[in-house]
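Worth saying up front: this structure is predicted, and the values here are computed from it rather than measured. All residue numbers refer to positions in the sequence shown, counting from 1.
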Amino acid sequence: MSSSPPPMPPRWRTALRASLPVGLGYLPVGIAFGVLAVEAGLPVWVALLMSVLVYAGALQFAAIPLLAAGAGLPAVGLTALLINLRHLLYALPLLRDLPRQRAARLYTLAALTDETYSLATAMPPAQRARLLLPVAAVNQAWWVLGTLVGALLGPAIGSRVPNLDFALPCLFLILAIEQYRASRQAFPLVAGVVVTAVARAVLPDAHGLLGALLLALLWLGWQARRDARHAGHAEEGDA
């Protein structure tokens with residue numbers, strides 16, 4: 001008599017449903033990464049290990065030619081710093097919603113991708129703290145699965161389905177629209193456009209992304225300081 005597997009906990013079922021739009025983007029983009037990695041000469045296990053330990057789509061794509069060309073650790077490290085600097089922006093608004101347990105907290109911070117951030121900030125605050133960890137884990141599972149399929153099938157997929165990596169920009173656009181529909185706050189979208197336009201206007205193309213990220217960090221720091229000041233004035237008024 002075979003025993004059925006234990007049912008999935010409710011919050012993980014909710015996280016799985018919430019992650020389906022991300023999965024529709026992560027699967028093809030992960031497949032594209034796996035295909036490009038093995039075509040560049042990386043072993044299947046290296047591609048898979050990158051999606052498990054690195055788990056940063058833009059960085060993984062950028063690392064393929066660096067690793068294939070035998071670039072040194074400083075070049076790879078600097079590239080990782082510049083590309084992943086934006087994750088500082090994601091962690092700040094969600095610090096209060098991170099799990100309390102240390103290992104779960106560290107993993108959630110490491111797995112806080114663009115899409116996970118978009119899903120989390122579109123959730124009601126009461127639901128966000130409960131679902132942040134499972135959403136991050138399920139999203140990474142989609143990415144790892146796509147990488148595995150792409151790395152195993154390799155050119156058999158790449159020759160039949162071109163432009164797989166275009167799925168990620170489309171996913172960004174969809175999530176931005178959904179985030180606005182959930183919060184009805186246009187300022188984050190406007191701020192992103194403004195800091196990007198300013199950085200591109202005053203900096204060379206090679207430094208545009210870094211400039212936009214620094215401007216956004218300055219804005220977040222100013223906003224956090226302003227909110228703390230207002231909270232202090234409110235406490236003084238109550239006293």
### Task
Work out which heavy atom in S51 is nearest to a heavy atom in Q60; give both atom names and the distance.
OG-NE2, 3.1 Å
### Task
To the nearest 0.5 Å, tell me how far L119 CG sits from T113 OG1.
8.5 Å
### Query
Minimum heavy-atom separation for I64 to A40, with atom names?
CG2-CB, 3.5 Å
### Message
Under the rule for side chain to side chain contact (heavy atoms under 4.5 Å, CB included), what residues qualify as partners of L98, not counting sequence neighbours?
### Response
L95, R105, T108, L109, L132
### Query
Taking Y55 for the side chain and Q140 for the main chain, is one N or O donor matched with an acceptor at less than 3.5 Å?
yes
### Query
Does V195 share a hydrophobic cluster with V193, counting links as ILVMFWY side-chain heavy atoms below 4.5 Å and allowing steps through other members?
no
### Task
Could I get the full list of side chain to side chain contact (heavy atoms under 4.5 Å, CB included) partners for V52, not counting sequence neighbours?
V144
### Message
When you group the ILVMFWY residues by side-chain heavy-atom contacts below 4.5 Å and let the links chain together, are V29 and V46 in the same group?
### Response
yes
### Query
Which pairs with one or both residues in residues 128-153 pass salt bridge (Lys or Arg N to Asp or Glu O under 4.0 Å), sequence neighbours excluded?
D97-R128
## Note on the structure
The reported gap from CZ in R11 to CG in L16 (rounded to nearest 0.5 angstrom) is 14.0 Å
### Query
Under a 4.5 Å side-chain heavy-atom rule over Ile, Leu, Val, Met, Phe, Trp and Tyr, are L148 and L53 clustered together?
yes
### Query
Should L49 and V149 be counted in the same cluster of Ile, Leu, Val, Met, Phe, Trp and Tyr side chains packed under 4.5 Å apart?
yes
### Query
Got L24 and L20 here, is their nearest side-chain heavy-atom distance under 4.5 Å?
no
## Note on the structure
Rounding to 0.5 Å, atoms OG1 (T121) and CG (L94) come to a distance of 7.0 Å
### Query
Looking at OG1 of T116 and CG of N139, how far apart are the two atoms once the value is rounded to the nearest 0.5 Å?
4.0 Å
## Note on the structure
Contacts of L27 meeting side chain to side chain contact (heavy atoms under 4.5 Å, CB included) (sequence neighbours excluded), chain-then-number -> W142, L145
#### Entry: Distance (rounded to the nearest 0.5 Å) between Y26 OH and I31 CD1
14.5 Å
### Summary
For T14, the side chain to side chain contact (heavy atoms under 4.5 Å, CB included) test, sequence neighbours excluded, returns R17, Q127, L131
### Task
For W143 and G30, work out which heavy atoms get closest and say how close.
CZ3-N, 3.6 Å
## Note on the structure
Heavy atoms of A47 and F33 approach each other most closely as O-CE2, 3.6 Å
### Residues clustered with L133, ILVMFWY side-chain links under 4.5 angstrom
Y107
### Value rounded to 0.5 Å, distance of CG in L36 from CG in L42
10.0 Å
